[in-house]
Amino acid sequence: MTSLSAFDSRLTDVAGVSILPSSSVYGGETGLPLLSVENAQGKALIALQGAHLVSFVPAGGEDLLWLSPKVVFTEGKAIRGGIPLCLPWFGGHPGGKPAHGFARISEWQLEAAELLADGTTRVTLVLTPNALSSTLWGDDFRAELVVTVGHAVTLALSFTHLGASPVTFSQAFHTYFAVGDVAQATISGLDGTTFINTVGGANTRNLQAGSLQLGEATDRVYVNVPEVQTIATAGRTIRIASDTRSAVVWNPWAESAAKMADVGDAWREYLCVERGDVFDNAIELAPGATYRVAMTLSLD
Ligand SMILES: O=P(O)(O)OC[C@H]1O[C@@H](O)[C@H](O)[C@@H](O)[C@@H]1O
């Protein structure tokens with residue numbers, strides 16, 4: 001893990017941008033380095049491990065993201081909450097490799113931090129091959145995540161495949177939204193789309209009719225979805241916009257959550273709506289090709 005003092009001050013010598021240990025915000029052990037980004041429009045915390053947005057608070061509002069009260073910031077362990085980047089594969093891997101790829105458990109490099117004329121702050125994080133990716137993926141690649149923090153937060157992801165043969169690639173912005181009570185949250189923007197129900201290893205297809213409210217363990221992959229979904233709770237409506245084509249809706253509910261040490265009885269506080277390109281929407285990347293997508297989260 002990079003020590004906090006190793007960061008190039010030219011990158012963090014930008015007003016409102018600093019590096020701090022996760023322990024200074026969330027307690028516990030020293031943990032992992034977090035990039036703190038703050039301006040008049042909003043503030044965000046991004047773990048360099050995984051280029052993982054763990055908090056986004058628009059000015060005058062509450063955090064859009066849920067971070068587990070039982071979160072553990074440990075090198076090589078996925079952070080429970082925020083926006084894990086599932087990359088370059090989503091879900092379990094047939095070869096028994098770690099679920100959701102290696103990007104979320106790899107340390108990314110901070111490449112640039114800039115204040116833009118519109119008052120937003122843009123930070124650029126980069127991942128290139130490391131020991132883990134060499135074992136699990138093999139091919140050369142370059143991944144870049146540009147996070148723009150303002151009244152909204154935008155994540156713009158690119159992944160360039162630098163191997164010699166075509167590869168199948170999938171990814172997701174695995175967002176944990178803070179909803180207070182998952183059973184009271186309503187998801188709109190999926191009406192009429194096909195979903196694959198994967199709860200407990202199932203694999204059945206259905207059509208979504210109308211909006212969606214969860215009342216039990218839910219793990220569904222919606223394919224070919226519209227650009228925008230919303231999540232309405234008692235206090236606010238969150239807007240999710242992305243040019244990706246899938247949306248995964250997941251909450252384990254009480255019984256399965258009890259088996260997850262970093263979730264437990266906090267399962268009710270979050271709802272995952274994960275935009276990405278997965279299952280039917282997985283991508284075939286030719287050598288040298290670049291995959292580019294973005295997602296913007298805001299209050300509606
Ligand atoms: O515990 P992990 O690896 O972060 O995965 C959490 C969940 O991620 C979701 O995207 C999957 O649809 C679920 O099946 C999975 O349980």
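Read the numbers this way: they start at 1 and go in the same order the structure lists the ligands and their atoms.
- Residues L125 and I46 form a side-chain contact, since some pair of their non-hydrogen atoms from C-beta on lies under 4.5 Å apart.
- Note: the hydrophobic cluster containing L299 also contains F177 (ILVMFWY, side chain heavy atoms under 4.5 Å, direct or indirect links).
- Neither the backbone nor the side chain of R220 comes within contact range of ligand 1; no heavy atom lies under 4.0 Å.
- For ligand 1, the atoms closer than 4.0 angstrom to any heavy atom of D219 are 11 (C), 12 (O), 13 (C), 14 (O).
- Nearest non-hydrogen protein atom to atom 5 (O) of ligand 1 is H100 NE2, 3.4 Å.
- Side chains of Y26 and L45 form a contact here, defined as non-hydrogen atoms less than 4.5 Å apart.
- Looking at atom 6 (C) of ligand 1, its nearest protein heavy atom turns out to be W250 CH2, 3.5 Å.
- Atom OG1 of T121 sits about 4.0 Å away from atom CG of N39, to the nearest 0.5 Å.
- Close placement of the F141 and F102 rings is indicated, their centers lying within 6.0 Å of each other.
- Of the candidates M260, H174, R104, it is R104 that places a heavy atom closest to atom 3 (O) of ligand 1.
- Interface of V248 with ligand 1, defined as ligand atoms under 4.0 Å from a residue heavy atom, comprises 12 (O).
- The aromatic ring centroids of F169 and F159 lie less than 6.0 Å from each other.
- If you number the atoms of ligand 1 from 1 as listed, the ones under 4.0 Å from a heavy atom of E274 come out as 9 (C), 10 (O).
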